[in-house]
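Every chain is numbered from 1, with letters handed out A, B, ... down the list of sequences. Everything quoted here is computed from the prediction, not taken from an experiment. No hydrogens, no waters, no symmetry mates; every other heavy atom, side chains included, goes into these values.
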Amino acid sequence: MNITLPDGKVLTFTRGVTGAEIAAAIGPGLAKAALILEVDGQEWDLFRPIEQDARIRIVTRRDDKALTLIRHDAAHLLAMAVQELYPGTQVTIGPAIEDGFYYDFARDTPFHPDDLPRIEARMREIVKQARPTRREVWPRDKAVQHFKDIGEKFKAELIESIPSNEDVSIYYHGDWHDLCRGPHFRTTAEIGDAFKLTKISGAYWRGDAKNAQLQRIYGTAWRDQKELDAYLQRIEEAEKRDHRKLGREMNLFHMQEEAVGQVFWHPKGFALFNSLRNYIRRKLDAADYQEVMTPLILDRKLWEQSGHWENYREHMFVAEVEDEKKTLAVKPMSCPGHVLIFKQGTKSYRELPLRMAEFGSCHRYEPSGALHGIMRVRGFTQDDAHIFCTHEQITGETASFCRLLMAIYRDLGFEDVRVKLATRPANRIGSDAVWDQAEAALKAATEEAQLAYQLNPGEGAFYGPKLEFVLRDSIGRDWQCGTLQVDFNTAARLDAAYVAEDGAKHPPVMLHRAILGSLERFLGVLIEHYAGKFPLWLSPVQAVVATIVSDADSYAREATAELRAAGLRVESDLRNEKINYKVREHALSKVPYLLVAGRREAENRTLTVRRLGTEAQENLALSAVISMLKAEAVPPDLK
RNA sequence: GCCGCCUUAGCUCAGCCGGUAGAGCACCGCAUUCGUAAUGCGGGGGUCGCGUGUUCGAGUCACGCAGGCGGCACCA
């Protein structure tokens with residue numbers, strides 16, 4: 001029997017040879033490093049016999065795949081340890097995920113954080129025991145019956161969803177066994193001990209809130225201790241840049257019980273907010289958007305007509321007034337208001353595309369468990385706009401939107417943007433032909449804008465498909481920021497129309513689009529992205545003038561005033577403290593420039609400049625400092 | 001909304017088996033005028049998240065509520 005290696009070399013073995021034997025034949029080093037192999041592209045256990053000629057590739061610990069394999073085995077290891085320590089606990093699923101793995105268990109009493117060290121200790125024991133792995137193939141029906149018999153009803157349910165004529169593979173690690181597609185290592189020893197259990201959570205069976213809630217245990221696993229330490233270090237560093245922590249430390253904003261899910265922007269935070277908003281305003285203006293402002297609270301009748309009352313009621317804040325019998329609702333989005341502006345006066349096709357923008361203050365009653373710092377709130381500001389256009393204009397408008405968005409993200413320091421195309425959901429309105437057209441238009445637009453996207457099937461809005469632009473926070477959580485949604489429906493529902501070339505009235509297509517999404521969320525991501533060390537144009541405090549001796553106070557005041565007059569955000573620090581103290585304090589609060597004014601500087605009208613992150617000092621004339629800072633503080637669109 | 005954990009001074013956190021609250025930083029005062037990451041001394045500051053219960057006695061135990069945190073579900 002011939003076995004072909006990746007380099008084309010052919011080795012001859014007897015039928016039923018295993019990957020372990022092949023690896024050993026090639027060399028003892030490989031035999032030791034091997035984890036699994038690929039047989040004609042299919043993942044294969046090292047101990048599983050090969051019955052016919054095949055091309056193989058041996059996967060070692062250094063392979064890119066190794067981490068996924070280690071984590072999958074670690075998930076099994078976790079399940080073994082848990083079932084041994086907590087009899088009666090049922091297993092369900094346990095996949096490898098980014099940076100680690102988890103396993104979902106069904107159990108009456110939830111786990112406690114104190115259980116983790118105990119489980120981890122048992123896992124390490126099992127690794128030491130090097131329990132051998134064995135693979136068996138059972139008829140599906142036998143497997144169903146078996147798992148029912150041993151009380152593993154979730155496993156049985158999983159197997160029942162496999163067609164009944166198929167066989168399933170069962171993996172044994174010592175006595176413990178589980179349904180699994182594999183592959184697995186020869187023994188539990190190969191997992192190594194570079195793993196750690198990290199957190200406990202509830203999780204719904206099959207991801208559905210209507211189902212039973214399971215107990216999930218998360219862990220992380222790596223090739224060796226060094227990799228594990230590096231990961232733990234990375235997480236620790238990331239936690240230091242958490243926007244909630246920096247928001248407090250840098251005095252940007254706070255939140256409190258009296259306004260759950262809403263942000264109190266402090267002066268410094270609001271300076272940041274405004275710098276960003278002004279920048280977006282200029283970019284939109286340059287891209288031929290017209291800014292408007294619409295009411296915050298509108299009559300229920302409007303929301304009924306737009307469809308929000310029916311589809312979105314539970315997310316809306318509703319206001320009753322005593323004297324009138326009216327019900328009003330706080331807007332969760334700005335689209336109906338924009339349509340009402342569009343409807344004023346007769347619109348011609350010549351006015352399309354009409355791009356209407358608003359920094360809309362929106363309120364949504366989000367589920368309590370969804371709230372997260374300023375990233376997920378109940379009151380937020382959208383950089384919202386609606387493009388009223390014809391069917392023919394969808395692709396062009398979408399493409400230019402994509403280009404605008406990517407340019408803005410680049411200005412703001414984001415190069416790594418994930419784009420998702422969410423297509424028609426099961427619950428939707430409109431004909432398939434219309435959906436075909438809308439989805440095709442979005443695809444064409446992304447190609448025109450040269451954006452690689454990932455398909456997100458069935459995740460579109462009920463009225464149309466959407467593009468989602470996703471950014472990542474410091475600890476790897478993804479946040480949707482930008483979006484563009486095609487809507488063939490809302491304008492018609494609200495009786496908005498334009499007069500076409502043929503003289504007839506047609507409802508315009510609406511493109512709902514946002515670049516930042518919510519300013520609050522975007523600022524949260526931005527704070528973490530820069531770890532609070534913003535580029536100068538965004539920095540809430542751009543420089544601090546710090547004195548060394550009180551003799552320099554009046555000069556420092558003068559210098560501060562001149563810097564401010566030049567449009568810079570500058571504070572002075574005249575406190576009776578040592579310069580060391582001031583340097584340290586302003587560096588910790590992430591002020592980009594410390595401008596030291598001592599006796600010498602006061603005499604020759606200079607400042608000694610120290611840039612955040614460096615120890616270098618440079619003595620410059622006050623006028624030179626002003627022009628240098630002014631130049632650096634120019635927003636990217638005005639450069 | 002669901003599961004779990006947490007809530008003590010402005011911040012970070014101690015506080016044992018229930019016996020009546022503590023540190024560092026910050027703040028205030030005084031001294032110090034000092035050249036690039038913490039000057040010294042002194043002082044003020046707490047309904048221990050809220051409520052109910054157990055107890056002679058609750059920061060500590062039990063229950064309920066609220067908020068926060070980690071996930072899940074939902075979602076910009």
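At a threshold of 4.0 angstrom between heavy atoms, the contacts of A/Lys466 are confined to the sugar-phosphate backbone, with no base atom among them. Counting non-hydrogen atoms under 4.0 angstrom, A/Glu601 reaches a base of the nucleic acid. Among the heavy atoms of the strands lying under 4.0 Å from A/Pro367 is at least one base atom, whether or not backbone atoms are also near. Residue contacts shown for A/Glu257 are limited to sugar-phosphate atoms, with no base heavy atom under 4.0 Å away. Among the heavy atoms of the strands lying under 4.0 Å from A/Arg216 are primed sugar atoms or P, OP1, OP2 only; no base atom is included. Residue-level contact check: A/Lys199 touches the backbone only, with heavy atoms under 4.0 Å from sugar-phosphate atoms and none from bases. Within 4.0 Å of A/Gln256, counting heavy atoms only, lies no atom of the nucleic acid at all. Residue-level contact check: A/Arg376 touches the bases, meaning some heavy atom is under 4.0 Å from a base atom. Nucleic acid contact for A/Ala514: none, since no nucleic acid atom lies under 4.0 Å from a heavy atom of the residue. In this structure, A/Cys481 reaches the sugar-phosphate backbone alone: every heavy-atom distance under 4.0 Å involves primed, P, OP1 or OP2 atoms, never a base. Among the protein residues, A/Thr198 comes within range of no part of the nucleic acid, since none of its heavy atoms lies under 4.0 Å from any strand. Residue A/Gln480 is classed as a sugar-phosphate contact, given heavy-atom separations below 4.0 Å to backbone atoms only.
With respect to A/Glu528, the side-chain hydrogen bond (donor to acceptor under 3.5 Å, both in side chains) criterion is satisfied by exactly one of A/Lys245, A/His243, A/Arg241: A/His243.
Within 3.5 Å, a donor on the side chain of A/Gln213 pairs with an acceptor on the base of B/rC2, or the reverse. Residue A/Arg513 places no side-chain atom within donor-acceptor reach of the base of B/rA76, judged by atom type and a 3.5 Å distance cut-off alone.
Centre separation under 5.5 Å together with a plane angle under 30° holds for the ring of A/Phe380 and the six-membered base ring of B/rA76, marking them as stacked.
Map A/Phe111 and A/Ile374 each onto its nearest nucleotide of RNA chain B; the residue landing nearer the 5' end is A/Phe111. Both A/Arg584 and A/Tyr312 lie near RNA chain B, and the one whose nearest nucleotide falls closer to the 5' end is A/Arg584.
Between A/Tyr581 and B/rG40 there is no side-chain N or O to OP1 or OP2 distance below 4.0 Å. Listed pair A/Arg244 / B/rC69 meets the phosphate criterion, a side-chain N or O lying under 4.0 Å from OP1 or OP2. Side-chain nitrogen and oxygen atoms of A/His512 include none within less than 4.0 Å of the OP1 or OP2 phosphate oxygen of B/rA76.
Using modelled atom types, one finds a donor on one side chain and an acceptor on the other under 3.5 Å when comparing A/Thr294 with A/Glu358.
A/Lys196 contributes atom NZ, which lies 10.0 Å from atom OG1 of A/Thr220 (distance to the nearest 0.5 angstrom).
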